[in-house]
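Here's the structure we're looking at; comments come further down.
Every chain is numbered from 1 and lettered A, B, ... according to where its sequence line falls, protein lines coming before strand lines.
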2 protein chains.
Amino acid sequence: MATLADVARRAGVSTATASRIINGSSKPVTDELRTRVLAAVAELRYVPNAHAQMLARSNRNAVGVLVHDVSDPYFAEITRGLQRVATAHGRLVIICNTFREPARELEYIDLLHAHQVAAIVVAGSGYLSSDAETELHERMAAFETTGGRIAVIGRHSHTSDAVLPANEEGGFLAGEHLFELGHTAVGVIAGPAALTTTADRLAGLRRAAEAHGRTLRVVHADFTRDGGEAAATKLLADEPDLTAVAALNDSMAVGALSAMRTCGRNLSVAGFDDMPIARDVTPALTSVRLPLTELGERAMQLALDPPPPGSPPRVEHIRAELIRRESTWPVS
Amino acid sequence: MATLADVARRAGVSTATASRIINGSSKPVTDELRTRVLAAVAELRYVPNAHAQMLARSNRNAVGVLVHDVSDPYFAEITRGLQRVATAHGRLVIICNTFREPARELEYIDLLHAHQVAAIVVAGSGYLSSDAETELHERMAAFETTGGRIAVIGRHSHTSDAVLPANEEGGFLAGEHLFELGHTAVGVIAGPAALTTTADRLAGLRRAAEAHGRTLRVVHADFTRDGGEAAATKLLADEPDLTAVAALNDSMAVGALSAMRTCGRNLSVAGFDDMPIARDVTPALTSVRLPLTELGERAMQLALDPPPPGSPPRVEHIRAELIRRESTWPVS
DNA sequence: CACCTTGAGGTAAGCGCTTTCCTGATACCG
DNA sequence: CGGTATCAGGAAAGCGCTTACCTCAAGGTG
């Protein structure tokens, strides 16, 4: 590896001069030296050592992102928003896939901390209450006391800035829609019970049910398509009189559609998140849209824009919207 | 930020001892000191500065990944494979989204180089020939001369290790399938003409066409669903006698399905990549499966496992397989 | 012409950590 | 009991870079 010293020697200047030329510092330098140094850089294929730079400058440039799984379209879209804003600010984004393992979340927080990132965005539902969850919040706090910034997406926090999708409201919209269509026996394919996202969306659905004097038949799955299919199959078998199903995300709704096809049943289905796939399945999925890219963008903005010191954590709410398609219809 | 020196002072030891204890070096240390140091670490919430560590150890730990767009399911799946292997080896993965801009690819190569990553995986189709492409290969070579490792996915290279999906063969399989079903007028929705992936898949399709004495009606799109829909609409309008369409990826095939629905036409459609969505659209998509996760895994293995010095670049081929579903049928 | 700017470049002190070598002290041997 | 391993720990030299500070010479003043 060519170092700055190599470049300087080759150009016959000091490392200070070489550094200044390469970084375009404001210090004036003769064109003569400038060309010599740049020539040396090119010949030696010199690339500055970012670690040494970070150490010497002690300025933080990168930002870290914690997501459950980038290959999940939900997080893929959020990530896209995060990246857009970060890149626009010239920041390097380090994406960490937690694979939904709380332990890995903790590891990654420390790793990002160690890498001196300027900010960390934690995306994805938290757990209703668990040791790992409190531990996570502790580490996030520790990171913030060292001058780092934290923004969370869809996860409650009373210490960090947060952008919260209207999960409860979205659940209500879905429920309201189904009940207004005249459905009285509505099943719910929920996510893992321990997740706040599940709890919030379910709460909205329950609020709608109560408003109409109904109860819900809830079964828990894991937010995956296949999990949704299995849950739907069970639901269909257990509750023969159901006329509608609300799934707490689109993947599970798609699974439910598939289950219905194999069972030869035909209920109304509502999804959640309005992923791209929603309009391409048959019947096209009625779903609660959450502007995920925007969610990511706002979170990154919060993360990069330091709040006035001493102010309380900022919270932004992102509204949900019901997109009506062909998978829900009035009960006959 | 607490530093190692702070910890050492607090524990009343030298930084050398503190470092050894924290890193679990083999040097023996009394339990007395060990507990004191660990206590100090906890109290000060000390997290070692990764940049300083890298600099001092000068060992490379992270690996970089260049992908066009993580939120594209094609790359999301490859990325998942890459991450699995990297994480299993205890490596940090830095994912860089090039947003399909060649200039950004160059930038990121340098950035990863600067960050002293051990290896870089470049995923995604290259360009048939362009200045940016040769420049990219030059920078990759420069990175390799400094001891870095490079592996490319689905991109030809005569200097670096590569894992190549059988794009040509896959195209052939799709074509063969369609012609065997008796289709004589087959349209193709291709990707951007400048991409090697497009060229390879198309070549396979052409080989099948020639074998059956047919020609193809090709139209180029951009590998996105909406692009595919637009291209299909045009194709249907221009060629009223078409009975089948091959799309060079599933997203565009889904778009084609949608176009057909709005035009009220009903042709056989074959996709490519066998993304999860393929089985959830109606009709379920016949597609050429590429084991993308495996593609990623193999590439990361190549990247992390240094070849015997002086040996030629390794190349692994990943086979394609035709998955028959309901979107293709015999011509009547 | 002595004095002060100013310009152009070099010197060297860190940034936070690892690790080689070194120092005392203690234990062990013939 | 002198001599040598052995052990626990410290001193300090970097890793590659940035930057505050210094030097030297040339040009500008009164």
Side-chain angles (χ1 to χ4, degrees), chain A residues 1-38 40-41 44-62 110-111 113-118 146-148, chain B residues 1-38 40-41 44-62 110-111 113-118 146-148:
Chain A
M1 283 282 317
T3 72
L4 184 63
D6 297 333
V7 172
R9 198 172 317 120
R10 173 124 184 180
V13 301
S14 73
T15 60
T17 309
S19 170
R20 292 198 269 254
I21 290 175
I22 292 172
N23 296 303
S25 123
S26 56
K27 261 251 176 178
V29 182
T30 43
D31 285 353
E32 154 73 15
L33 288 196
R34 182 181 310 283
T35 50
R36 254 163 51 201
V37 167
L38 294 180
V41 166
L44 267 40
R45 300 192 164 293
Y46 168 70
V47 177
N49 183 319
H51 298 300
Q53 281 186 322
M54 296 274 91
L55 197 55
R57 294 201 192 126
S58 67
N59 74 338
R60 302 157 154 215
N61 177 46
D110 278 356
L111 188 145
H113 188 161
H115 275 260
Q116 309 292 105
V117 297
T146 69
Chain B
M1 284 279 320
T3 72
L4 183 63
D6 297 332
V7 172
R9 197 172 318 120
R10 173 122 184 182
V13 301
S14 73
T15 59
T17 308
S19 170
R20 292 197 270 254
I21 292 175
I22 292 172
N23 297 303
S25 125
S26 56
K27 260 252 176 179
V29 183
T30 45
D31 285 351
E32 154 73 13
L33 288 196
R34 182 181 310 284
T35 50
R36 252 162 53 201
V37 167
L38 294 179
V41 166
L44 266 39
R45 299 191 166 293
Y46 168 70
V47 177
N49 182 320
H51 297 301
Q53 281 186 319
M54 295 274 92
L55 198 55
R57 293 200 191 129
S58 68
N59 74 337
R60 301 156 154 218
N61 177 47
D110 279 356
L111 188 146
H113 188 160
H115 275 260
Q116 310 291 105
V117 297
T146 69

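C:dT18 atom P lies 12 Å from atom CG of A:Leu55, rounded to whole Å. Between the NE2 atom of A:His113 and the P atom of C:dG16 there is a distance of 12 Å, rounded to whole Å. A:Leu4 places its CG atom 16 Å from the P atom of C:dG9, with the value rounded to the nearest Å. Distance, B:Ile22 CD1 to C:dC17 C1': 10 Å, rounded to whole Å. The interatomic distance linking B:Ile21 (CD1) with D:dA8 (P) rounds to 12 Å, in whole Å. The interatomic distance linking A:Asn49 (CG) with D:dG14 (C1') rounds to 14 Å, in whole Å.
A heavy-atom distance below 4.5 Å is not found between the side chains of B:Arg10 and B:Val7.
Across D:dA12, D:dT18, C:dC17, the shortest atom-to-atom separation from the side chain of B:Ala52 is found for C:dC17. With C:dT18, C:dA8, D:dA12 as the candidates, the nucleotide lying closest to the side chain of B:Asn23 is C:dT18. Considering only side-chain atoms of A:Thr3, the nucleotide from D:dG16, D:dG9, D:dT18 that sits closest is D:dG16.
With DNA chain C read from its 5' end, the first of the two nearest nucleotides for B:Lys27 and B:Tyr46 is the one closest to B:Tyr46. Looking at which nucleotide of DNA chain D each of B:Leu33 and B:Ala56 is closest to, the 5′-most match is held by B:Leu33.
Taking only side-chain nitrogens and oxygens, A:Gln53 comes nearer than 4.0 Å to OP1 or OP2 of D:dT18. Between A:Ser25 and D:dT19, a side-chain N or O to OP1/OP2 separation shorter than 4.0 Å is absent. Residue A:Thr17 places none of its side-chain N or O atoms closer than 4.0 Å to OP1 or OP2 of C:dA8.
A distance of 9.5 Å separates CG of A:Asn61 from CD of A:Gln53, quoted to the nearest 0.5 Å. The structure places OG1 of B:Thr17 at 10.0 Å from CG of B:Leu4, a figure rounded to the nearest 0.5 Å. Considering CZ of A:Arg57 and CD of A:Gln116, their distance stands at 14.5 Å, rounded to 0.5 Å.
In terms of polar N and O atoms assigned as donor or acceptor, the side chain of B:Arg57 never comes within less than 3.5 Å of the base of C:dT20 in a complementary pairing.
Across all strands shown, B:Ser58 has no heavy atoms under 4.0 Å from either base or sugar-phosphate atoms.
In plain terms, the two heavy atoms of B:Ala52 and A:Leu55 that are nearest each other are CB-CD1, 3.9 Å.
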